[in-house]
Protein chains: 4
Amino acid sequence: MKDDAAASRGEAEVSRVRSGEKYERLLGGAAALMARQGYSQTTMRDVARETGFSLAGMYYYFKSKEDLLFQIQQRTFSELLALQEEQLARGGDAAERLRRLIDRHLAFYVRHADELKVCTYELDSLSGEKYQQIESLRRRYFALGVAIIAEVMGVRPGSVHEAAPVRHATLFLFGMLNWVFMWYRPGRDCGPEQLAREMADFVLDGLRGSRS
Amino acid sequence: MKDDAAASRGEAEVSRVRSGEKYERLLGGAAALMARQGYSQTTMRDVARETGFSLAGMYYYFKSKEDLLFQIQQRTFSELLALQEEQLARGGDAAERLRRLIDRHLAFYVRHADELKVCTYELDSLSGEKYQQIESLRRRYFALGVAIIAEVMGVRPGSVHEAAPVRHATLFLFGMLNWVFMWYRPGRDCGPEQLAREMADFVLDGLRGSRS
Amino acid sequence: MKDDAAASRGEAEVSRVRSGEKYERLLGGAAALMARQGYSQTTMRDVARETGFSLAGMYYYFKSKEDLLFQIQQRTFSELLALQEEQLARGGDAAERLRRLIDRHLAFYVRHADELKVCTYELDSLSGEKYQQIESLRRRYFALGVAIIAEVMGVRPGSVHEAAPVRHATLFLFGMLNWVFMWYRPGRDCGPEQLAREMADFVLDGLRGSRS
Amino acid sequence: MKDDAAASRGEAEVSRVRSGEKYERLLGGAAALMARQGYSQTTMRDVARETGFSLAGMYYYFKSKEDLLFQIQQRTFSELLALQEEQLARGGDAAERLRRLIDRHLAFYVRHADELKVCTYELDSLSGEKYQQIESLRRRYFALGVAIIAEVMGVRPGSVHEAAPVRHATLFLFGMLNWVFMWYRPGRDCGPEQLAREMADFVLDGLRGSRS
DNA sequence: TATGAATGAGTCTTCATTCAT
DNA sequence: CATGAATGAAGACTCATTCAT
């Protein structure tokens, strides 16, 4: 919004360094903080303290706080997306693929809880070009869900008439998935595979179906 | 109803004034801003500008920004809770009551979109006593869902063995419901009754059941 | 300083009401607060709460916070001054009058601790005409001390050569007297008469003299 | 000397930086302002303007306005205390040591008028741990006076019966000393050595003794 | 007399960011 | 690569005071 020009100028070299162990610690620490307190609540000083960097030193790795957020989302979300696209390409019937989509999503969540939470709840903290870029990843991820669910529901692709129910069902699914961040706690709750099974049963057959 | 007394007792300690048309405009304007930008992004100056108050003038109505947030959540959530408790007491079988729970929730949402969004996503912006108070409302609302879903699933109340699946299913439902804030737009999407119907079908019979 | 014009205009009717029980409670409560926390630390809200007045209601009795301070100092200090002037006129030799000066000062202090503390430590919180007026009372009070001490020291009045030592000795005395505010506590310490005796002995004969 | 370690331990928790020419200018400028207008009257903007810092820049050197006040008091008072403790250890009879106590106090005052005034009149502007820390320095300084005065008065250390008069006499002395801030002006009044002589004569032999 | 409601000016403090080294 | 030092802008909140009633 505020600096489209700067954003597009910067995009090519948004940051100079994109790997290294220290860099990983930086993104990881920042993600942990932002997942816990939210992006705007998290100060650069917090991140510096958490990661052992100096305040100024961090700016070698990204251009701004927003850029830091962007890098976290970009890395995490594109990894998840790639993983799911590849995995879904391996075939299976619609129900099976739906089960795998859910399972992999939750498995990824357990491995990258902080990062994924940030991806899910901090999109709006991005603006301009950065927002667009992440938004487009999200749209692609959503499309994956829509395709499978349409197939499960027996809706012909492109059927305008049935588009809304499919879209809604997909949104229901992502709602369930994204709400997991709010309550799931590794030690206390069942494992992600078990949870994935329950959720897939729920989605496919509902409360009554999955019981009988 | 039965907790209006408790509610007013609780709020009286926190703020002096509790009614009046100007006061309504204040809470409403603040909720709108906070729903759009988030609590911590919303400045008191924003609220003042939006509501036509002076910065200092608003502090006549609440003691702090956090107190303002608390008042919004307290009013909204206790109204929703009372409404659902009363409505559910009117009977019907489990599936029917589940449908009504969803329908009333979405109907309430459409009437108080900003306020409910703030209730759902800004609990963690509260702390101490205020957090506890809202958290307890939320727990009661969740308990309503658990009771109905256990009945739909045919689980005996108190069954330890089946507690987790029931809890999970309830969380799935609230995940769907709460995610609605993220995508639903009155003009563009179908009406709340229709959406409620789709969601209830989805919850009861799943993707496959609700089709066949 | 800031509004000499307004000050002189206002002085004649600095306040409309100068008596009444409520008015006494107001000045007394304010003095207590200001003695404990200092003038600038004491808010008009504090005074309202302490005295049971409404914020706006107090402004019937004085024009401004500074005027409130002025009234406290004016009343208290002129009462003390009148009392001492009258008492000293009753004669006695120099040492005797010095003892009485100290004794009456401490007796007055015990009766009006808060007010006198405010007189002593908050002169600089006044400005313009109000400052001048209290300063002149203070000067007259100081002159009382100077006269007696010169006599005790056997210095001829008007002796330029001996003026500094007399002035210094008087300042030493008032230093002792004014520091009493900082440590004296009615319940814990000896009575004011006893303290006055010790102080007078100290002033007249010093540490060594008062022992032998 | 022996408590330098303790002092630096204590301050390190409170502020990061403890030396440097700029830092000195900061404390000095702040002390000057606070001596003139009082702590609560002195705004951080005043200090910034006086010292040439930016408002935010000052916060690099202390955590809060109160911490700034604390640092001024801590530095000044522990320097004075160390100086007196060391000097008194050099011996001499009681009267001689009393003269030296007064003389060094006034000499120190002339060198650090602003800082010492702040130490004397703004202890109550501190709170919690900071208050305790300075209060304990003050107590030690007071104990120095009590010991000498007891000796001058010929009171056995530990004599419960004579404790109050000794304590009072010491408070008289500190009253005189602390009131100096209120009237002494370097150019106008006599030098500190002369004043110290007069005060010591006064304390030892009183108004009558010092004349005869 | 008395007050509920309101406000302009100002307070301390924090934040993301920069730059010389 | 890294950081100590510094800052402009903005944030929540408070204060003495006023005015219609």
Side-chain angles (χ1 to χ4, degrees), chain A residues 16-17 20 22-23 26 39-48 51-69, chain B residues 16-17 20 22-23 26 39-48 51-69, chain C residues 16-17 20 22-23 26 39-48 51-69, chain D residues 16-17 20 22-23 26 39-48 51-69:
Chain A
R16 275 158 293 193
V17 184
K22 287 188 152 187
Y23 177 64
L26 200 43
Y39 170 76
S40 82
Q41 248 60 338
T42 301
T43 72
M44 296 304 281
R45 279 187 149 79
D46 288 342
V47 178
T51 59
F53 276 78
S54 72
L55 199 48
M58 297 189 302
Y59 280 83
Y60 178 78
Y61 295 95
F62 38 81
K63 288 175 53 183
S64 67
K65 188 186 175 189
E66 193 189 349
D67 184 35
L68 168 58
L69 176 62
Chain B
R16 277 163 294 191
V17 185
K22 286 190 154 185
Y23 176 65
L26 201 41
Y39 170 75
S40 80
Q41 247 71 335
T42 301
T43 73
M44 295 304 279
R45 271 193 161 75
D46 289 341
V47 179
T51 58
F53 274 80
S54 72
L55 193 48
M58 297 187 302
Y59 281 85
Y60 186 77
Y61 293 94
F62 35 82
K63 291 176 53 185
S64 65
K65 191 185 172 189
E66 192 189 349
D67 185 35
L68 169 57
L69 176 61
Chain C
R16 275 158 292 192
V17 183
K22 286 188 154 187
Y23 177 64
L26 200 43
Y39 170 75
S40 81
Q41 248 62 337
T42 301
T43 72
M44 296 304 282
R45 280 188 148 79
D46 288 341
V47 178
T51 58
F53 276 78
S54 73
L55 200 46
M58 297 189 302
Y59 280 83
Y60 178 77
Y61 294 96
F62 38 81
K63 289 175 51 184
S64 67
K65 189 186 175 190
E66 193 189 348
D67 184 34
L68 169 57
L69 176 62
Chain D
R16 277 163 295 191
V17 184
K22 288 190 153 185
Y23 176 64
L26 200 42
Y39 170 75
S40 82
Q41 249 66 340
T42 302
T43 72
M44 295 304 279
R45 270 193 162 76
D46 289 341
V47 178
T51 58
F53 274 79
S54 71
L55 193 48
M58 298 188 302
Y59 280 84
Y60 186 76
Y61 293 95
F62 36 80
K63 293 175 54 185
S64 66
K65 190 185 173 190
E66 191 189 350
D67 185 35
L68 169 58
L69 176 62

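Quick note on labels: first sequence line is chain A, next is B, and so on, each numbered from 1. Quantities reported herein were computed from a predicted structural model and do not represent experimental measurements.
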How close or far is atom [atom2] of [N] from atom [atom1] of [X], stated in whole angstroms?
{"X": "B:Lys22", "N": "E:dG4", "atom1": "NZ", "atom2": "C1'", "value": "11 Å"}
{"X": "D:Met58", "N": "E:dC12", "atom1": "CE", "atom2": "C1'", "value": "10 Å"}
{"X": "A:Phe53", "N": "F:dG4", "atom1": "CZ", "atom2": "P", "value": "14 Å"}
{"X": "D:Tyr60", "N": "E:dA20", "atom1": "OH", "atom2": "P", "value": "17 Å"}
{"X": "C:Leu26", "N": "E:dT1", "atom1": "CG", "atom2": "P", "value": "13 Å"}

Taking OP1 and OP2 of E:dA6, is either one under 4.0 Å from a side-chain nitrogen or oxygen of B:Tyr61?
yes
With rounding to the closest Å, how many angstrom separate the P atoms on F:dT21 and E:dT1?
22 Å
What is the minimum heavy-atom distance between [X] and [Y], and which atoms define it?
{"X": "A:Asp46", "Y": "A:Gln41", "answer": "OD2-O, 3.9 Å"}
{"X": "D:Met44", "Y": "D:Met58", "answer": "O-CE, 3.2 Å"}
{"X": "A:Ser54", "Y": "A:Ala48", "answer": "C-CB, 4.2 Å"}
{"X": "A:Val47", "Y": "A:Thr51", "answer": "O-OG1, 2.7 Å"}

Quick one, give me the B/S/- string for nucleotides 11-18 of chain F, reading 5' to 3', where B means a protein heavy atom under 4.0 Å from the base and S means that only happens at the primed atoms, P, OP1 or OP2.
SSBBBBBB
As an exercise, state the distance from OH of A:Tyr23 to CZ of A:Phe53, rounded to the nearest 0.5 Å.
11.0 Å
At what distance, to the nearest 0.5 angstrom, does OH of D:Tyr59 lie from CG of D:Leu68?
9.0 Å
With the side chain of A:Ser54 defined as its heavy atoms from C-beta on, choose the nearest nucleotide among F:dA6, F:dA2, E:dT7.
F:dA2
Under 3.5 Å for both distances, Watson-Crick or G-U wobble, that's the pair rule; now give the dot-bracket for DNA chain E, with | marking pairs to another strand and [ ] for crossing ones.
.||||||||||||||||||||
Looking at A:Tyr60, is A:Lys22 sitting on its ring face, NZ or CZ under 6.0 Å from the six-membered ring centre and within 45 degrees of the normal?
no
Give a yes/no verdict on a cation-pi contact between D:Lys65 and D:Tyr39, requiring under 6.0 Å between NZ or CZ and the six-membered ring centre and an angle within 45° of the axis.
yes
Is there side-chain contact between B:Leu26 and B:Phe62, with at least one heavy-atom pair below 4.5 Å?
yes
